[in-house]
Amino acid sequence: MHRYHIWTIGCQMNKAESERLGSLFAKLGYQPTDTAEEASLIVLNSCVVRQSAENKVVNKLNALRHLKETNPQLTLAVTGCLVNSEVSHLKARFPYVDHFFPPGGYPPWLERAGVWPMLPHHPAPTTFVPIIQGCDNFCAYCIVPYRRGRERSRPITEIKGEVEELVSRGTREVTLLGQNVDSYGHDLPDKPDLADLLQELNAIAGLARIRFLTNHPKDMSFRLIEAVVRLEKVCEQISLPVQSGNNDILKAMNRGYTVAHYRRLVSEIRSKIGAIALSTDIIVGFPGESEAQFGQTLDLLAEIGFDTVHVAVYSPRPGTAAARDFKDNIPATEKKRRRDQIEALQEKIAREINARLLGKTVEVLVEDRKKGKWQGRTRSGKLVFFSSNADCRGQLVKIKIEQTSPWSLQGKVKLK
Ligand code: SAH
Ligand code: SF4
């Protein structure tokens with residue numbers, strides 16, 4: 001029997017693409033395996049957004065070399081953002097890899113063997129659905145536009161058909177994915193936007209929840225905010241990366257907005273939508289970031305009170321404007337100190353935000369059972385654990401919260 005093994009790191013887009021690749025291989029008669037040694041087909045879905053991710057990919061590739069050498073029947077392929085247009089360099093560096101293909105691309109040795117895009121084979125109650133590929137923004141630090149190319153939106157009818165099919169196979173919630181979902185549709189004939197897409201998906205019977213990420217503060221529209229208010233399946237959760245609380249750093253990052261604009265946007269979101277869970281991304285130690293500029297990021301986080309903050313230390317990426325134009329002049333120890341300081345502040349903020357849910361009843365969409373507990377998420381995206389002997393997978397369950405932490409909630413089933 002032929003088995004395939006997919007190793008994935010990086011963003012949700014990579015995860016979504018790996019699920020779809022798995023479905024394609026299954027259609028061709030392969031069985032999945034978690035053990036690389038058992039596989040006759042191995043795909044590495046890579047990430048190079050930071051040097052630390054790239055190092056993991058290279059280590060994994062080195063580790064797989066002996067498998068390829070001892071098993072000539074093995075097909076080894078690499079996709080994801082390690083793969084650039086200069087595949088010859090990669091081929092010279094990793095001669096034992098059979099195929100390199102671009103992120104979101106079709107496995108080249110299977111040409112015309114199946115239809116692309118494929119649906120995930122065994123959709124879970126929650127499923128990722130890519131709606132726009134690529135990015136046109138060229139933030140100064142970011143390698144993504146160089147590896148994923150220009151923006152390409154999928155037509156509404158195609159996405160809707162796919163979500164209907166997913167729902168018929170058990171999906172209850174979809175998360176629409178794009179590097180910048182606010183750009184959705186500008187390249188399509190009728191120029192629909194994300195609000196139009198949400199309206200169409202909201203009408204699908206059996207679908208309970210819709211989420212989307214990532215928004216861009218320079219592009220997020222009032223029309224979208226109104227759609228979140230109006231459409232009952234669209235969850236009260238927005239991912240809005242700010243990256244820095246200082247205008248000069250934002251400018252050097254080529255982000256296209258000011259801190260004042262970001263503040264106005266958040267207050268518009270909060271006044272229209274009400275209770276909303278906000279998450280953001282921060283980069284610390286961008287070239288030239290002073291202690292005072294970093295302090296403004298801390299102040300902004302304290303002022304806004306995000307539910308979740310993803311903080312990364314700046315990592316120069318080859319070919320980007322920041323790597324070319326600026327010296328990476330903040331020492332690694334200082335970058336880590338700033339990261340730790342943000343994490344400590346955010347832990348305190350998230351503890352307070354989550355503690356407000358104590359004693360409240362929330363609606364949880366149950367995803368999985370692990371270590372004897374059911375786990376799922378609230379509409380706001382918070383992880384909730386509870387016990388029940390019933391089969392709750394894929395169900396919407398009312399849970400009374402009895403315990404909270406900065407990272408998750410625990411509770412018990414509320415009986416009617
Ligand atoms: N399209 C999304 C996410 C892009 S990558 C957005 O616009 O935010 C995910 C996160 O990785 C970014 O938000 C940023 O915080 C981080 N990141 C990207 N490039 C980086 C780099 N060179 N060094 C450190 N962090 C980086
Ligand atoms: Fe990278 Fe900026 Fe595009 Fe996000 S919006 S993928 S950070 S270039």
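In each ligand, atom 1 is the first atom listed, and ligand 1 is the first ligand listed. Note: hydrogens, waters and symmetry copies are ignored here, and every other heavy atom, side chains too, is used.
By the 3.5 Å distance cut-off applied to N or O atoms, Q243 is counted among the residues near ligand 1. Checked by distance only, ligand 1 and N180 stay at 3.5 Å or farther apart across all their nitrogen or oxygen atoms.
The number of heavy-atom neighbours closer than 6.0 Å to NZ of K251, taken from other residues, nucleotides and ligands shown, is 12 or below.
Every heavy atom of Q243 sits 4.0 Å or more from the atoms of ligand 2. Under a 4.0 Å heavy-atom criterion, T320 is not in contact with ligand 1. Note on ligand 1: V144 sits outside its first shell, no heavy atom being nearer than 4.0 Å. For the ligand labelled ligand 1, residue V49 lies inside the 4.0 Å heavy-atom shell.
Near R255, with a cut-off below 4.0 Å to any heavy atom, the atoms of ligand 1 are 7 (O). Which parts of ligand 2 touch H216 is read off a 4.0 Å heavy-atom cut-off, strictly below it: atoms 5 (S). If you number the atoms of ligand 1 from 1 as listed, the ones under 4.0 Å from a heavy atom of R317 come out as 22 (N). Near R50, meaning under 4.0 Å from any of its heavy atoms, are these atoms of ligand 1: 11 (O), 16 (C), 17 (N), 23 (N), 24 (C), 25 (N), 26 (C). Close approach to A312 involves these atoms of ligand 1, each under 4.0 Å from a residue heavy atom: 25 (N). Atoms of ligand 2 found under 4.0 Å from any heavy atom of R255 (numbered from 1 in listed order, with element): 2 (Fe), 7 (S).
A side-chain hydrogen bond (donor to acceptor under 3.5 Å, both in side chains) with T33 holds for exactly one of R3, H2, H5, E38; it is E38.
Using the six-membered ring where Trp is involved, H261 and Y257 have ring planes that are tilted, between 30° and 60° apart.
Within the 4.0 Å heavy-atom criterion, both parts of S315, backbone and side chain, lie near ligand 1.
Comparing heavy-atom distances from atom 19 (N) of ligand 1 across F286, Y141, Y314 singles out Y141 as nearest.
Defined by atom type and a distance below 3.5 Å, a donor-acceptor pair is present between the side-chain atoms of R317 and Q51. Side chains of S153 and D187: a donor-acceptor N/O pair is present below 3.5 angstrom, by distance only.
Distances from atom 1 (Fe) of ligand 2 under 2.8 Å pick out these protein N/O/S atoms: C142 SG.
M220 approaches I225 most closely through the heavy-atom pair CE-CG1, 4.0 Å.
Ranking protein heavy atoms by distance to atom 3 (C) of ligand 1, first place goes to Q179 OE1, 3.9 Å.
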